[in-house]
Each structure stands twice: as structure tokens, then as C-alpha cells.
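Input: a single structure, listed below in C-alpha cells.
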Amino acid sequence: MDRLSKEARSRNMSKIRSKDTKPELFLRKALHREGFRFRLNDTKLPGKPDIVLKKYRAAIFINGCFWHGHLGCPKSKIPETNREFWTNKIHGNMERDAKNILALQNAGWRVLVVWTCAFGNKDLSEQTVQKTIEWLKSGKESGEIANERSLSRAAKICTSEE
């Protein structure tokens, strides 16, 4: 059972941003400060990547762990109420993400997914920026950045419950 009324839950959900989230703004400002120039939410590319660096032929998605079903992350837990709706919604998002990433790669773009759990605190956020810059300069075709500590902690919790 939800602790909030339908109206209160609706009000909370309506305030969740899809663009210009704190993690996005943090990464964009840091990349700009380091001299990287980019476009935002390029509608010509599949999935409208959050950050597009044409010079590096790179697209970066900053995905919310809950909304995009970050497997193994404690922040991606399906709510107990309206479970079927949320399961369908999140699995649909995951399928769409996979399709968009594949389309970008087939078009010759490099793709990086940065999960919001990688922005837990200032030190973690700075590490995420450095990992992003390293990936951009590496020339690797694809990559993923997440908070490894929360993922390993979640794995330990899952294995101890079984």
C-alpha cells in the first residue's frame, strides 16, 4: 500500500524532470569546464542522447536508475503498488534504450551510459566526470559508468537473501 494519497503521489511524480536533472547539469558543467563542446538532446539521433560530442562521435545518456531499470542497483526497485504497471513501464524503457543504443552504434556512434547512482556525493561525482573524460579520449565503442559500491552491496544483499 502506498503511503501517499493518489493526489500527493501524482504531485510528486509530476515534479520529476526528464531533462536538465542535477546529474546532467553536473556532468555538462564539468565537461564544459574541461574544454569539451557538445550539443544537448539532439533530436536527429535515436533516443535523443543527453550529450552529443560530434568531434568524438560520442553520445552520452545519463539514465535514472529507477526509470531505466538499472539492474543490480538498489535505486531501481519496482514499487509494491501498481507493480504490473511499473514492471511494464520500466521494461519498455529498457527495450527502447537497447534499441536506441544499437541504432546509434550501427550509425557509427560511440555510446556511454552514465547511471545516476554514479553521482552519489561530490567525490563520486568527480570520479564519474574523470571516467567520462577517460572514456571519451579512449575511443572505446561503448561504456557504462555506475556506482560500483552500491552495485556490489546490492549483489551481497541479493545473495544473502537466497
Side-chain angles (χ1 to χ4, degrees), residues 1-28 38-53 57-121 124-125 127-128 131-132 135-136 140-162:
M1 184 76 193
D2 199 350
R3 294 178 300 155
L4 300 176
S5 69
K6 271 190 163 186
E7 295 78 22
R9 177 64 62 209
S10 180
R11 203 171 33 253
N12 283 358
M13 296 303 278
S14 72
K15 292 179 183 175
I16 296 172
R17 303 172 69 94
S18 63
K19 291 194 294 191
D20 299 330
T21 62
K22 286 181 183 180
E24 279 183 48
L25 293 173
F26 186 89
L27 185 58
R28 288 180 352 209
F38 47 83
R39 297 260 177 228
L40 303 177
N41 308 107
D42 191 336
T43 56
K44 295 174 188 150
L45 295 176
K48 294 191 308 184
D50 299 306
I51 300 173
V52 177
L53 298 101
R57 197 115 173 109
I60 300 174
F61 291 96
I62 298 138
N63 286 351
C65 297
F66 172 75
W67 296 103
H68 295 269
H70 186 199
L71 299 174
C73 181
K75 295 182 178 185
S76 68
K77 185 176 181 278
I78 302 278
E80 292 298 322
T81 55
N82 211 356
R83 204 162 178 77
E84 183 178 350
F85 167 81
W86 286 112
T87 301
N88 292 336
K89 167 83 174 145
I90 292 167
H91 282 116
N93 289 349
M94 292 169 74
E95 288 173 10
R96 187 186 67 236
D97 291 344
K99 184 184 83 176
N100 289 331
I101 289 170
L102 185 61
L104 282 165
Q105 289 174 330
N106 288 340
W109 287 87
R110 301 167 52 223
V111 180
L112 177 67
V113 175
V114 182
W115 295 98
T116 55
C117 63
F119 294 93
N121 59 42
L124 193 56
S125 298
Q127 289 173 14
T128 300
K131 288 178 183 178
T132 302
W135 178 83
L136 283 168
K140 291 180 182 173
E141 194 173 309
S142 65
E144 192 171 324
I145 300 173
N147 179 351
E148 299 302 323
R149 277 187 43 211
S150 74
L151 292 176
S152 65
R153 193 168 45 243
K156 285 178 188 171
I157 291 168
C158 289
T159 55
S160 66
E161 287 178 356
E162 293 174 0

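The closest side-chain heavy-atom distance from P49 to L104 is below 4.5 Å. Using a 4.5 Å heavy-atom threshold, the side chains of V114 and W135 count as separate. Between P79 and F85, every side-chain heavy-atom pair lies at or beyond the 4.5 Å cut-off. Residues F61 and V111 have side chains in contact (heavy-atom distance under 4.5 Å, counting atoms from C-beta outward).
The line from CD1 of I60 to CG of L40 is 11.0 Å long, rounded to the nearest 0.5 Å. To the nearest 0.5 Å, the span separating OG1 on T21 from CZ on F119 amounts to 8.0 Å. Taken to the nearest 0.5 Å, the OG1 atom of T132 stands 5.5 Å off from the CG atom of L112. N63 contributes atom CG, which lies 9.5 Å from atom CD of E24 (distance to the nearest 0.5 angstrom). A distance of 14.5 Å separates CH2 of W109 from CD1 of I101, quoted to the nearest 0.5 Å. Going from atom CG of N147 over to atom NZ of K75 covers 7.5 Å, rounded to the nearest 0.5 Å.
In this view, Q105 satisfies the side chain to side chain donor-acceptor pair (under 3.5 Å) rule with no residue, not counting sequence neighbours. The side-chain contact (heavy atoms from CB on, under 4.5 Å) test applied to T116 returns P23, I62, C65, not counting sequence neighbours. Under the side chain to side chain donor-acceptor pair (under 3.5 Å) criterion, N100 pairs with no residue at all, not counting sequence neighbours. With sequence neighbours excluded, the residues that form a side-chain contact (heavy atoms from CB on, under 4.5 Å) with I78 are R83, W86, T87, I90. Legend: residues meeting side-chain contact (heavy atoms from CB on, under 4.5 Å) with L25, ordered by chain and number and at least two apart, are D20, R28. The side-chain contact (heavy atoms from CB on, under 4.5 Å) check on K77 picks up E80, with sequence neighbours excluded.
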Problem set entry | Verdict with reasoning, N41 to D50, per side chain to side chain contact (heavy atoms under 4.5 Å, CB included) | CA-CA 5 Å; N41 308 107; D50 299 306; 3.6 Å; yes
Exercise. Are L71 and M94 close enough, and set up right, to give a side chain to side chain contact (heavy atoms under 4.5 Å, CB included), and what steps lead you there?
Worked result: CA-CA 10 Å; L71 299 174; M94 292 169 74; 4.0 Å; yes
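The salt bridge (charged side-chain N to carboxylate O under 4.0 Å, His left out) contacts involving residues 58-71 comprise nothing, where partners must be two or more places apart or lie in separate chains. Note on residues 84-100: no pairs pass salt bridge (charged side-chain N to carboxylate O under 4.0 Å, His left out), not counting sequence neighbours.
Residue R57 places its CZ atom among more than 12 non-hydrogen atoms of other residues, nucleotides or ligands, all under 6.0 Å distant.
Ring geometry for W115 versus H70: interplanar angle under 30°, hence parallel rather than tilted (30 to 60°).
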